[in-house]
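Below: one structure, written as structure tokens.
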Amino acid sequence: MRLPSSLTTRLALAYGLATAAILASVAAYLSSALSAQLEGRDESELVGEVLLVRHLLREVRSEAEIRADTHRFADIAMGHEGLILVVRTRQGEPLVTLNPRNEIVPPLRVLPATTQPEKGMLQTWRPKNGVPSRGIAALGQLGDSDKAVEIVVLRDAGYRVALIREYRHQLLWATLCGAAVAAGLGFALARRALRPLRRMAADAAAVTTSRLATRLDVGSAPAELRELAAALNDMLARLQDSFSRLSEFSADLAHDFRTPISNLIGQTQVTLAQSRKTAEYEALLESNLEEYERLARMIENMLFLARADHAQVALDVRTLDAREELDKMAEYFEAVAADREVVLTVSGSAPVEADQTLLRRAVTNLLDNALRHAPAGSTVRVDVARAPTAAGTGTGTSIRVSNPGPAIPPETLPHIFGRFYRADPSRRNSAASTGLGLAIVDTIMRLHGGSVTVRSVDGLTVFTLQFPAEPMPVPIAPAAIS
Ligand SMILES: Nc1ncnc2c1ncn2[C@@H]1O[C@H](COP(=O)(O)OP(=O)(O)OP(=O)(O)O)[C@@H](O)[C@H]1O
Ligand SMILES: [Mg+2]
């Protein structure tokens with residue numbers, strides 16, 4: 001059986017059912033108590049009738065006198081529904097018979113005249129309706145003589161059963177009506193109690209992307225809903241945060257694409273304004289090529305970040321010799337370093353659990369930055385070492401890239417891993433910079449379950465890549481857009 005989907009209906013049903021259960025048990029108790037009471041009263045009456053008939057018999061002297069005034073005896077049984085009274089001689093000849101339904105008088109054990117009848121002496125018989133009933137037979141003395149007649153008093157319990165049945169019927173109706181009223185009341189109460197929930201739904205329905213700052217009123221919500229309202233508000237806050245970051249991100253994206261494209265258009269228009277020498281066209285194409293490359297790099301980087309956001313980057317994590325990898329990269333950057341008159345050194349050694357391509361990409365981005373920011377004549381150092389993980393879950397590997405140079409201002413430090421962030425505004429439109437390098441490093445480290453941190457003090461900037469002991473890919477979605 002399926003429960004109704006409405007909470008109000010469920011509560012109303014629950015109220016109704018609970019009330020019905022309570023009323024039904026009270027009704028069952030009442031009807032069985034009444035039945036026991038009626039039965040007890042019937043039994044006392046049977047004993048009382050025998051005593052009464054015996055008393056009347058004391059006042060008559062002969063059987064003939066009884067026959068002459070049967071009404072006296074019959075009156076005793078009057079008004080007692082289902083009562084049968086027979087007074088007969090010891091030979092079985094009836095003197096008084098009050099038996100409206102003509103029940104067959106059963107053979108009962110007859111108590112002697114001297115025995116005081118009691119409830120415990122009642123015997124069971126079955127009238128025509130089949131309901132087990134009680135009866136008693138006893139001798140009664142005539143006057144002071146030692147002559148006695150037989151008194152039989154029976155009670156047909158059918159009437160009592162009918163009475164109880166009728167009573168139960170009424171109780172059943174009362175129970176059903178009570179349950180229906182309780183369900184109705186429950187419905188009204190539940191509707192009233194759930195009003196704050198409907199108000200909350202209306203508030204939530206009013207939240208749109210342009211009204212993400214709307215919050216649910218936690219203070220006026222009932223205690224049970226306060227937690228829900230607070231959780232929804234937290235969710236709204238997170239959504240608002242992500243949404244505004246996403247908006248900023250798209251604005252940045254548009255801006256960053258517009259610059260190389262307007263460069264391309266501007267330079268091309270200027271060149272085409274008049275006829276030029278072949279060398280000038282060649283220079284234009286060369287300059288355009290630079291912009292195309294920048295655009296291509298940006299698109300490639302964006303694609304990588306987008307794929308990582310949707311966990312579509314498959315990692316091929318292996319145990320690599322970090323030193324070997326770093327040496328190769330140092331060799332690759334040798335020419336650039338020499339060009340900038342910077343010395344590049346690699347020290348330490350440790351295995352690392354990483355995806356080779358992504359590891360190279362992360363270190364390349366760090367080295368590219370370090371070599372660019374290191375002043376001529378300085379040294380860029382790369383260190384690799386075993387290091388306990390930040391979470392204390394074992395020993396991982398750390399790769400540190402440090403370069404001397406002007407420190408990154410502390411207020412910009414939290415932003416440098418953001419997409420399109422460039423601390424130095426003059427680099428904003430530089431063809432060499434996309435502002436995505438560190439965002440990619442951050443994403444790569446998250447993909448590995450590791451982290452990247454930066455320290456920039458006293459003219460030394462140090463980026464540390466922390467690889468975990470065991471790679472544990474973590475979802476990176478919204479956090480990466482920081
Ligand atoms: N070693 C460093 N020393 C000083 N500043 C740095 C260093 N590394 C990064 N930064 C600052 O952080 C900013 C963000 O770096 P990021 O690598 O993300 O972008 P980028 O180098 O400008 O562009 P891209 O790497 O995409 O070519 C840089 O613009 C720079 O201002
Ligand atoms: Mg960079």
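Everything numeric in this text was worked out from a predicted model, so none of it was measured. For this chain, numbers begin at 1 and follow the sequence in order. Read the numbers this way: they start at 1 and go in the same order the structure lists the ligands and their atoms.
Close approach to G437 involves these atoms of ligand 1, each under 4.0 Å from a residue heavy atom: 16 (P), 17 (O), 18 (O), 24 (P), 25 (O), 26 (O). The distance from ligand 1 to the heavy atoms of L438 drops below 4.0 Å at these ligand atoms: 9 (C), 12 (O), 14 (C), 15 (O), 16 (P), 17 (O), 18 (O).
For a threshold of 3.5 Å applied to N or O pairs, the pair formed by N369 and ligand 1 contains at least one separation below that value. At a 3.5 angstrom cut-off on N or O pairs, L436 counts as close to ligand 1. Checked against a 3.5 angstrom limit, the closest N/O atoms of G435 and ligand 1 fall inside it.
Checked for salt-bridge contact, D234 and R238 miss the test: no charged N lies under 4.0 Å from a carboxylate O. With respect to the salt-bridge test (charged N to carboxylate O, under 4.0 angstrom), the residues R199 and D203 do not qualify. Salt bridge annotation for R160-D42: present, with a cationic side-chain nitrogen under 4.0 angstrom from a carboxylate oxygen.
Taking 2.8 Å as the criterion, N365 does not count as a coordinating residue of the Mg ion (ligand 2), since none of its N, O or S atoms falls below it.
Using a 4.0 Å cut-off between heavy atoms, I408 contacts ligand 1 through its side chain alone, with no backbone atom that close. Proximity of N403 to ligand 1, defined as any heavy-atom pair under 4.0 Å, is confined to the side chain (atoms from C-beta onward).
R340 has its side chain within reach of V336: a pair of non-hydrogen atoms, C-beta onward, lies under 4.5 Å apart.
For the pair R372 and ligand 1, a heavy-atom separation below 4.0 Å is found. The closest approach between F417 and ligand 1 stays at or above 4.0 Å for every heavy atom of the residue. Not a single heavy atom of N365 lies less than 4.0 angstrom from ligand 1.
Distance alone, capped at 3.5 Å, places no donor-acceptor pair between the E291 side chain and the N288 backbone. Judged by distance alone, with hydrogens and angles left aside, the side-chain atoms of D156 form no donor-acceptor pair with the main-chain N or O of G82 at under 3.5 Å. A side-chain donor-acceptor contact under 3.5 Å links T397 to the backbone of P351.
Counting only non-hydrogen atoms, the option in H415, R297, R419, H373 that gets closest to atom 2 (C) of ligand 1 is H373.
Counting only N and O atoms by type, the side chains of S31 and R168 include a donor and acceptor under 3.5 Å apart.
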